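Read the structure below first, then the notes.
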Amino acid sequence: MLTDVQLRRIAPKDKAYKLADAGGLFILVQPNGSRLWRMKYRFAGKEKLLAFGTYPEVTLAKARDARDQARGELRAGRDPSLTRKQRQAEARQTDRQLRNVGEIWIASQASRWTPRHRKDVETSLERFVWPDLGSLNLDDITPPMVLATIRKIEAGRARETARRIRQISCSASLMVWARRILQRSSRGHSSR
């Protein structure tokens, strides 16, 4: 197994070479001196390779954590490289998540709202809506999901009726605004 001292002392050679750690993790040392974390594994009978970044930006501990996560994926019967690609694709789709659209909506309403009202809306969404629906793609949110969130707010906040009503109306107008954005973008128009 590799140590931090060994990693700091690695010197480049004329040809690229590997130094093994454990569980398929190794560091590839390039002739230019770069040190790249890699993991060799087999999935569906094929040998594959994962990249975890460069040393020292990715420390030995972080590389081992990444390896352990990948091995967990393998134990669950999933290809870690495919899982990574899916996560990257999801990350690129954040512009369609309710939270991101909601933050744009709040900014668009700023000229119409008092600073206190804006803060109340932000706080309400942060506490009650974003945990349940914020990370979901707008296309995936259904009326029953919104209703379930509203009912959860009502059940837990009965003494703050005014805040709940404001929260419900904000959520409803936010969803209408978000749907309009989706319709415009599907027709090739800008979101403003």
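Since we're looking at a predicted model, the values are computed, not measured.
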Rounded to the nearest 0.5 Å, what's the gap from [atom1] on [X] to [atom2] on [Y]? Could you check?
| X | Y | atom1 | atom2 | result |
| --- | --- | --- | --- | --- |
| Leu49 | Phe26 | CG | CZ | 5.0 Å |
| Leu28 | Arg35 | CG | CZ | 12.0 Å |
| Trp37 | Leu2 | CH2 | CG | 5.5 Å |
| Arg8 | Thr3 | CZ | OG1 | 8.0 Å |
| Leu98 | Glu103 | CG | CD | 9.5 Å |
| Arg84 | Arg78 | CZ | CZ | 15.0 Å |

Minimum heavy-atom distance [X]-[Y], with the two atoms named:
| X | Y | answer |
| --- | --- | --- |
| Ala70 | Pro80 | O-CG, 3.5 Å |
| Pro31 | Pro12 | O-CB, 3.5 Å |
| Arg118 | Ala110 | NH1-CB, 3.1 Å |
| Gln30 | Ala16 | OE1-CB, 3.6 Å |
| Met1 | Ala22 | CG-CB, 4.0 Å |
| Trp130 | Gly102 | CH2-CA, 3.8 Å |

Indicate yes or no: at least one non-hydrogen side-chain atom of Leu60 is less than 4.5 angstrom from one of Arg64. yes
What I'd like to find out is whether the side chain of Arg99 reaches to under 4.5 Å of the side chain of Glu126, using heavy atoms alone. yes
Contacts of Lys40 meeting salt bridge (charged side-chain N to carboxylate O under 4.0 Å, His left out) (sequence neighbours excluded), chain-then-number -> Glu47
Which residues pass the salt bridge (charged side-chain N to carboxylate O under 4.0 Å, His left out) test with Asp79, sequence neighbours left out? Lys48
If hydrophobic clusters are built by linking Ile, Leu, Val, Met, Phe, Trp and Tyr wherever their side-chain heavy atoms come under 4.5 Å apart, do [X] and [Y] end up in the same one?
| X | Y | value |
| --- | --- | --- |
| Tyr55 | Leu19 | yes |
| Leu136 | Val101 | yes |
| Leu25 | Val58 | yes |
| Leu50 | Leu74 | yes |
| Met39 | Tyr17 | yes |

Are any side-chain N or O atoms of Thr54 and backbone N or O atoms of Glu57, one a donor and one an acceptor, separated by less than 3.5 Å? no
